[in-house]
2 protein chains.
Amino acid sequence: MPKRSKISMSVIRRLPRYYRFLNQLDQDGVTRISSTELSARLGLTASQIRQDLNCFGGFGQQGYGYMVHQLAGEIGHILGVEHRYRTVIFGAGNIGHAIAAQMDFGELGFQLIGIFDNDPQKIGTVLHGIEVMDLVWFQDFYKKYVPEMAALCIPRSAIEETVSFLYGLGIRNYWNFSHYDISMKYPDAVVENVHLNDSLLTLCYEISHHDKAKKPVALLKHEK
Amino acid sequence: MPKRSKISMSVIRRLPRYYRFLNQLDQDGVTRISSTELSARLGLTASQIRQDLNCFGGFGQQGYGYMVHQLAGEIGHILGVEHRYRTVIFGAGNIGHAIAAQMDFGELGFQLIGIFDNDPQKIGTVLHGIEVMDLVWFQDFYKKYVPEMAALCIPRSAIEETVSFLYGLGIRNYWNFSHYDISMKYPDAVVENVHLNDSLLTLCYEISHHDKAKKPVALLKHEK
DNA sequence: TAGATTGTTAATCGATTAACAATC
DNA sequence: TAGATTGTTAATCGATTAACAATC
């Protein structure tokens, strides 16, 4: 049924939002929804939603709409949430800590199987039930458990060396929180970047260029 | 000189990367660079880089290229890094903790002036030199310091109420880590979302649909 | 001046929106 | 059957790439 040729990144990045939204509706007991209703709630066009879904198959019913529970399931399957890719976090600093504790890896297609760091202060501490291991053990760990994805939460200074090491062992999938462009050096790697600095700068731009008239008057005196 | 009409989001989201890259080059002592050289290093086309920059002005010199230090400065100015928008973090959990400790707000156009939470366990603790304050004090705090941006790191259950409260006080700029679509309810708000779940699901999709032939053989036996 | 590289216009490509026939 | 809403094709819009004249 899937007519998958080459799905554009624009479409792919909308899928998690559909998924999140449909699951919410499902939990709220909504059984059926039309593309028009969905579009109103998501701030998109109905046309776009139907186009997006039809990249993967015809999940709706003419004259009726989409079954919420079923569609959520289909999208989850498209995303691959059932996979449980074995995942290791590198870097037990603040960000590593946060994602270890906070992410529901199991519901999002992954399974956290280890956390590594090279800081003696952090090694041996326990994050969210998992003991932080010494990076020097990782080669053995890799052979034994063959992790498939690395979440990179390490400082700028260590990132290049670490990626080179991990890539050398065979890891090709990266969730990258460090400011380093993995794809430039390793074109066959699958990389999802979370660059918080870039995100904050984007917000800074948006605030700076937003219609000044809407700013609270009190702030104007601080401006040149 | 700026010919700013309406800059597309695609362009804006590339600016922080240019900025980061040029600063790096500047630190490395590179004084001059051509769009072709930049494009090779960033994995873009020279044409696109010149188009992007010319949205804001002509920063180069024909036959010569761009001055690295000057261009970095120009882009920083376009982004608004000198602003120091007064910022408050809501939620002193893992993510709030991480961004308080890790982000160089001052270099990115912001200034962290407070952290609030409603959990008695967290109130009074100190994150990165700032004491976590009780959310009930925020109204007074707002009157006194007029924060301009709110970083939202609070659980799903509390986000709706919190945003309603903050918006009511007059805050219009949000860096949103919570799974809640602020812009749907408050169309005039300036929102930058960091949805880590969505990011991870996108990665899951990418891994799942990446050429299977490249997977290590050892993994195939785990697949159905 | 000749060579290089920008700034900018034109051409292409891709993504979104509109329209409507198919069909539940 | 009539009404509704999808799936899909066509039209539009926007973003990227190519080309080249301007000029340092």
Side-chain angles (χ1 to χ4, degrees), chain A residues 1-18 22 25 30-75 78 183 202 205, chain B residues 1-18 22 25 30-75 78 183 202 205:
Chain A
M1 207 148 295
K3 42 184 95 169
R4 211 174 292 144
S5 51
K6 188 65 180 75
I7 312 297
S8 83
M9 208 53 195
S10 322
V11 174
I12 296 165
R13 290 206 176 277
R14 280 191 292 269
L15 295 180
R17 189 146 171 261
Y18 294 156
L22 288 163
L25 285 176
V30 180
T31 55
R32 181 203 150 260
I33 197 160
S34 70
S35 58
T36 307
E37 210 178 323
L38 243 187
S39 72
R41 300 223 204 184
L42 289 168
L44 304 170
T45 65
S47 222
Q48 182 165 64
I49 291 175
R50 293 204 301 277
Q51 283 279 29
D52 285 355
L53 297 178
N54 281 93
C55 290
F56 303 98
F59 304 125
Q61 202 169 306
Q62 274 135 328
Y64 185 79
Y66 300 88
M67 301 299 292
V68 170
H69 183 78
Q70 184 219 326
L71 185 56
E74 296 279 9
I75 295 178
I78 291 163
S183 299
T202 303
Y205 177 95
Chain B
M1 208 146 297
K3 44 185 91 168
R4 209 174 293 143
S5 52
K6 189 64 179 72
I7 311 297
S8 83
M9 209 53 196
S10 322
V11 174
I12 296 165
R13 289 206 177 277
R14 279 191 293 269
L15 295 179
R17 189 146 170 262
Y18 294 157
L22 288 163
L25 286 175
V30 181
T31 57
R32 180 202 150 259
I33 196 161
S34 70
S35 58
T36 307
E37 210 179 321
L38 245 187
S39 72
R41 301 224 203 183
L42 289 167
L44 304 169
T45 65
S47 220
Q48 182 165 62
I49 291 175
R50 293 204 302 276
Q51 282 280 30
D52 285 355
L53 297 177
N54 281 93
C55 291
F56 303 98
F59 303 126
Q61 202 169 305
Q62 273 135 329
Y64 185 78
Y66 300 87
M67 301 300 292
V68 171
H69 183 78
Q70 184 220 325
L71 185 57
E74 295 280 8
I75 296 178
I78 291 163
S183 299
T202 303
Y205 177 95

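We name chains A, B, ... by the order of the sequence lines, and we start the count at 1 in each one. The structure displayed is predicted, hence computed values, not measured ones.
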Length of the line joining [X]:[atom1] and [N]:[atom2], which is rounded to integer Å:
| X | N | atom1 | atom2 | answer |
| --- | --- | --- | --- | --- |
| Met67(B) | dT5(C) | CE | P | 14 Å |
| Met9(B) | dT16(D) | CE | P | 13 Å |
| Ile12(B) | dA15(D) | CD1 | C1' | 14 Å |
| Glu74(B) | dT6(C) | CD | P | 16 Å |
| Ile49(B) | dA15(D) | CD1 | P | 18 Å |
| Arg13(B) | dT16(D) | CZ | C1' | 18 Å |
| Gln48(A) | dA18(C) | CD | P | 11 Å |
| Ile33(A) | dT5(D) | CD1 | C1' | 13 Å |

I need the minimum non-hydrogen distance between Leu22(A) and Val68(A), along with the two atoms involved.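 The answer is O-CG1, 3.3 Å.
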
Minimum-distance pair of heavy atoms, taken over all atoms of Ala46(B) and Ser39(B):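 That closest heavy-atom pairing would be N-CB, 3.3 Å.
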
Calculate, to the nearest 0.5 Å, the distance between atoms [atom1] and [atom2] belonging to [X] and [Y] respectively.
| X | Y | atom1 | atom2 | result |
| --- | --- | --- | --- | --- |
| Asp52(B) | Ile12(B) | CG | CD1 | 10.5 Å |
| Met67(B) | Thr31(B) | CE | OG1 | 5.5 Å |
| Arg13(A) | Ile7(A) | CZ | CD1 | 15.0 Å |
| Ile78(B) | Leu15(B) | CD1 | CG | 6.5 Å |
| Tyr18(B) | Ile49(B) | OH | CD1 | 5.0 Å |
| Arg50(B) | Tyr66(B) | CZ | OH | 6.5 Å |

When you compare the side chain of Leu44(B) with that of Leu38(B), does any pair of heavy atoms fall below 4.5 Å?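 Result no, sub-4.5 Å side-chain heavy-atom pair not found.
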
Stems involving DNA chain D: give each as a range paired with a range, ordered by first number, where a stem means at least three consecutive Watson-Crick or G-U wobble pairs under 3.5 Å.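 In DNA chain D, stems of three or more pairs: C:3-24 with D:3-24.
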
At under 4.0 Å, does any side-chain N or O of Tyr66(A) touch on OP1 or OP2 of dG7(D)?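 Yes, because at least one side-chain N or O of Tyr66(A) sits under 4.0 Å from OP1 or OP2 of dG7(D).
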
Using only atom types and a distance under 3.5 Å, with no angle test, would you say the side chain of Arg32(B) pairs donor to acceptor with the backbone of Tyr64(B)?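 It does hold such a pair.
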
With no hydrogens and no angle check, is any side-chain donor or acceptor of Arg14(B) less than 3.5 Å from a backbone partner on Gln48(B)?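 No, the answer is negative, given that no donor and acceptor are paired below the 3.5 Å cut-off.
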
Closest listed nucleotide, where the reference is the side chain of Asn54(A) and the choices are dT16(C), dT16(D), dT8(D):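 Given the options dT16(C), dT16(D), dT8(D), the side chain of Asn54(A) is closest to dT8(D).
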
Residues from residues 34-43 of chain B lying under 4.0 Å of DNA chain C - heavy atoms: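 Contacts with DNA chain C under 4.0 Å: Ser34(B), Ser35(B).
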
Nucleotide by nucleotide, nucleotides 19-24 of chain D touches protein heavy atoms under 4.0 Å in the pattern (B base, S sugar-phosphate only, - none) BB-BBB

Check: Gln51(A) side chain, dT8(D) base, donor-acceptor under 3.5 Å: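 Result: no qualifying N/O pair found.
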
